[in-house]
Amino acid sequence: MLARLLFLAILVSALGGRAGAAQDQNSCLICHSEIKVEYLESVHTDLGVTCIECHGGDSTTLEMQQAHALEAFFRGVPHRTEIPELCASCHSDPVKMKPYGLRTDQYAEYQTSQHGKLLAQGDTRVAVCTDCHRAHRILPAWEPRSSTHPENISETCAQCHAQRDQGVHSAALAQGNTKAPTCASCHGAHGAAPPGVEDISKVCGTCHIAERAHFTASPHKKLMDEQRLSECVSCHSSHTIEPTGHNLFDRVCVNCHVLGSHAQLVGQKIKTLLAAADESLREAAQLLEQAQQKAVDVSSYRSRLIEARSYFLQALPAQHSLDIAHIEELARRAKSIADDVRGSLHSLQGVFAIRLLGLTLVWVFLFLLVIVISLVLRERRGERL
Ligand code: HEC
Ligand code: HEC
Ligand code: HEC
Ligand code: HEC
Ligand code: HEC
Ligand code: HEC
Ligand code: HEC
Ligand code: HEC
Ligand code: HEC
């Protein structure tokens, strides 16, 4: 017994490091060294959320039977159906959470989610707190190694959902665009559910504000109110959203509008208007780049192009209004300014070409002159001899 205590004392003093005073007395860590490694990294470690808070038992003894004794309220591994309540025993308690400024509604929200509802019916395949947060290496979401960090969430969900966002948003996330939505931005972390028909626009609209405002003013709003069209997803899908320039007009409008109908033609008109403006803008930008390389002062052209682009950027969301006159007005302004800039840069290029030709001619002339003069000089030298 004495030898054992000595052994314990040596081991405990060897723990050191991040293990604070509370952990020094924690005999659970000595036998469960794998869990110790994870646990010491977690946010709970420094807060006295020790093994026995979740598992019960006696953490002052190295005697396994005693440590795991039922009299010491050892509960073993909590059953999946008990985990949310276990975490909630602290996380739903405003008194315990107040010092940390943490919200206390995760459990309440969880119970409203499909995960929570099915768990209440005894379906243990669904996600419980520890599937998303892990049991021992729990880290806050801002920590890059956390299973709930925006870059890791899709993997966390993918433990169970084959579904992956393969659209423009996950591409943006992969490029480090932290403004792009993760699974949890659209579904909620704790209220995970497919947004209802009437909620989808609210979700997309939290980021795409202008698109939503224009959509709400369109003839399609009525359809949405009648729940015959889900605001954004019916045209864009939810997980395979493509970037612009993929001719959505050719694909989605004909799902509901006959080819050649007024509505279908409106779509084609909008597409043509936007494509033309886009092309002018691109070409003007390219010419600007070239002129700049020739050390021309292009600042006035640049500011005009910025103006043109701002009209175009208004036209993009405005296409959702289907108000052809308004869209045409914006697209036309963008295109005419861009065309103007393009024209000026073109004639500037013409001037350049002429100057270059003139310069070349001068050089050729000078070169010939030098040759003639040297020939004449040589002839004279010959005459003198
Ligand atoms: C002397 C070493 C020792 C100590 C001290 C010890 N354990 Fe264990 N523990 C074990 C071993 C070995 C197992 C695996 C064998 C088993 O399931 O009984 C185990 C299993 C467990 C399990 C899984 C039980 C299950 O039903 O699968 C939990 C949970 C656990 N220990 C928690 C604790 C906690 C909490 C403490 C501290 C209060 C602690 N242990 C202290 C050695 C120890
Ligand atoms: C915040 C609550 C919490 C704390 C603190 C905690 N555990 Fe656990 N532990 C759990 C839950 C929940 C499970 C169930 C398994 C799962 O969901 O991953 C578990 C599972 C286990 C298991 C069995 C499964 C496995 O992963 O091997 C052991 C052993 C264990 N814990 C030991 C410990 C020890 C030792 C400590 C202290 C270092 C500790 N736990 C701290 C909640 C906790
Ligand atoms: C004994 C009380 C207690 C229990 C039980 C508990 N926690 Fe905690 N938890 C805390 C405290 C206190 C914090 C401190 C937060 C801080 O420092 O920001 C915390 C922090 C967290 C955080 C980080 C929050 C953040 O963003 O800063 C997560 C995530 C978390 N706990 C999840 C869980 C999960 C999942 C369980 C169940 C397996 C659980 N907790 C069980 C007390 C507890
Ligand atoms: C389906 C995955 C999932 C489940 C299940 C889940 N969480 Fe979370 N949780 C997250 C994500 C993702 C975040 C961080 C981002 C966010 O808050 O949107 C988070 C954040 C948290 C935070 C940090 C504070 C906050 O609200 O921002 C706490 C605490 C927390 N969860 C506790 C819990 C508890 C307790 C449970 C079980 C009742 C639980 N979580 C279940 C995914 C989940
Ligand atoms: C441990 C496995 C597991 C994890 C992890 C998990 N889920 Fe689930 N989820 C399920 C199961 C099982 C269902 C129920 C599926 C069914 O009803 O067919 C479900 C249901 C859902 C539903 C409702 C689907 C419907 O048709 O009603 C959504 C939305 C969802 N999960 C999103 C998420 C998100 C987002 C994450 C990550 C933050 C996540 N889940 C993590 C297992 C998981
Ligand atoms: C931009 C918002 C958005 C993002 C990001 C997103 N979803 Fe969805 N998800 C939706 C919408 C909207 C629906 C409603 C179903 C539909 O009409 O396509 C849905 C439906 C679902 C469903 C249930 C219906 C089905 O198709 O089975 C699951 C499960 C799901 N999403 C999981 C995920 C997971 C996992 C991720 C991350 C990899 C994710 N979602 C990312 C918006 C999003
Ligand atoms: C009736 C079909 C339809 C609906 C409904 C719809 N869109 Fe669009 N959306 C389009 C088309 C068509 C484009 C142009 C795509 C292209 O040029 O390839 C587009 C382009 C976009 C763009 C990229 C251009 C820009 O504005 O920057 C975004 C973002 C967008 N939509 C968001 C939304 C949101 C958010 C909703 C819901 C409020 C929504 N859309 C509803 C058809 C639709
Ligand atoms: C959390 C904010 C957020 C939410 C919610 C969101 N998006 Fe996005 N969306 C973005 C960001 C950021 C981009 C990337 C812009 C970029 O890369 O230029 C983007 C890009 C897009 C694009 C492509 C735009 C382009 O110019 O190519 C479309 C279309 C789009 N989102 C539609 C949707 C739809 C539909 C929903 C709802 C189901 C939605 N978004 C929800 C932030 C969000
Ligand atoms: C989910 C089916 C659906 C899709 C997809 C759809 N529409 Fe419609 N749209 C309708 C219905 C139904 C109406 C009639 C609304 C009413 O009751 O007034 C309508 C009305 C219109 C109108 C006004 C009436 C008219 O004939 O001029 C225009 C314009 C229009 N849609 C253009 C488009 C364009 C462009 C697209 C593709 C970007 C598109 N719609 C995609 C169903 C759809």
Side-chain angles (χ1 to χ4, degrees), residues 164-182 185-186 195 200-221 223-224 229-257 259 263-289 305-339 341-342:
R164 282 198 169 244
D165 188 315
Q166 287 161 338
V168 63
H169 293 134
S170 67
L173 272 178
Q175 282 166 13
N177 184 343
T178 50
K179 291 196 182 117
T182 67
S185 328
C186 291
I200 284 167
S201 61
K202 291 187 198 121
V203 171
C204 311
T206 51
C207 300
H208 301 289
I209 297 164
E211 284 80 2
R212 175 158 201 233
H214 285 293
F215 175 85
T216 311
S218 81
H220 286 146
K221 170 71 161 62
L223 282 185
M224 191 206 79
L229 173 143
S230 68
E231 207 167 318
C232 313
V233 171
S234 50
C235 292
H236 287 288
S237 86
S238 49
H239 302 139
T240 53
I241 301 173
E242 291 186 3
T244 49
H246 278 80
N247 295 331
L248 213 54
F249 288 108
D250 299 340
R251 277 192 287 118
V252 295
C253 311
V254 289
N255 288 344
C256 302
H257 296 290
L259 211 65
Q264 193 261 337
L265 293 175
V266 165
Q268 289 300 309
K269 181 92 196 279
I270 299 175
K271 179 188 149 188
T272 315
L273 283 169
L274 291 177
D278 198 14
E279 200 185 312
S280 288
L281 274 165
R282 270 176 218 275
E283 283 181 18
Q286 215 173 1
L287 285 174
L288 193 83
E289 204 63 42
L305 262 193
I306 290 171
E307 192 193 348
R309 180 152 288 279
S310 83
Y311 285 122
F312 183 66
L313 290 179
Q314 287 174 52
L316 280 181
Q319 64 188 308
H320 292 92
S321 68
L322 302 173
D323 177 352
I324 206 109
H326 183 52
I327 301 162
E328 186 163 17
E329 171 73 13
L330 290 167
R332 202 181 43 72
R333 280 199 201 170
K335 183 168 160 39
S336 73
I337 299 175
D339 283 345
V341 172
R342 209 157 54 135

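Quantities reported herein were computed from a predicted structural model and do not represent experimental measurements.
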Nearest-0.5 Å distance that lies between atom CZ in R309 and atom CG in L305: 8.0 Å
Criterion side-chain contact (heavy atoms from CB on, under 4.5 Å) on Q319 and L274, from CA distance to verdict: CA-CA 9 Å; Q319 64 188 308; L274 291 177; 3.5 Å; yes
For R251 and E242, run salt bridge (Lys or Arg N to Asp or Glu O under 4.0 Å): C-alpha distance rounded to whole Å, both residues' side-chain angles, the deciding distance at 0.1 Å, then the answer. CA-CA 12 Å; R251 277 192 287 118; E242 291 186 3; 3.2 Å; yes
Any idea which heavy atoms bring F215 and K221 closest together, and the distance? O-CB, 4.1 Å
Would you indicate whether the side-chain heavy atoms of T216 and M224 approach each other to under 4.5 Å? no
Of the options V254, I270, V266, which is the one that meets F249 in a side chain to side chain contact (heavy atoms under 4.5 Å, CB included)? I270
With rounding to the nearest 0.5 Å, note down the distance linking CZ in R332 to CD1 in I327. 14.0 Å
Taking atom CG of L223 and atom SG of C256, what is their separation to the nearest 0.5 Å? 8.0 Å
Any chance you could lay out the side-chain contact (heavy atoms from CB on, under 4.5 Å) test for R282 and D278, step after step, and finish with the verdict? CA-CA 6 Å; R282 270 176 218 275; D278 198 14; 3.0 Å; yes
Please round to the nearest 0.5 Å and tell me the distance separating atom CG of N247 and atom CD of Q268. 8.5 Å
Compare every heavy atom of T182 with every heavy atom of S185, then report the nearest pair and how far apart it is. OG-N, 2.8 Å
What distance do K271 atom NZ and D250 atom CG have between them, rounded to the nearest 0.5 Å? 3.5 Å
Show your working on side-chain contact (heavy atoms from CB on, under 4.5 Å) between S280 and K335 and close with a plain yes or no. CA-CA 6 Å; S280 288; K335 183 168 160 39; 3.3 Å; yes
Which heavy atom of L259 sits nearest a heavy atom of Q264, and at what distance? CD1-NE2, 3.7 Å
A284 to A338 - nearest heavy-atom pair and separation: CB-O, 3.8 Å
Look at the side chain of N177 and the backbone N and O of K179, then say whether any donor-acceptor pair between them is shorter than 3.5 Å. yes
Decide yes or no for K269 and E328: does some side-chain heavy atom of the first lie under 4.5 Å from some side-chain heavy atom of the second? yes
Closest non-hydrogen atom pair between I209 and T206, with its separation: CG1-O, 4.0 Å
Heavy-atom distance under 4.5 Å between the side chains of L330 and H326, does that happen here? yes
What one should report as the nearest heavy-atom pair of S321 and P219 is O-CD, 3.7 Å
Can you tell me if S170 uses its side chain to pair, donor with acceptor, with the backbone of D165 under 3.5 Å? yes
Salt bridge present between E307 and R333 (N-O < 4.0 angstrom): no
Walk me through it: do H208 and R212 pass the test side-chain contact (heavy atoms from CB on, under 4.5 Å)? CA-CA 6 Å; H208 301 289; R212 175 158 201 233; over 6 Å; no
Separation between NE2 (H214) and CG (L322), nearest 0.5 Å, reads 11.5 Å
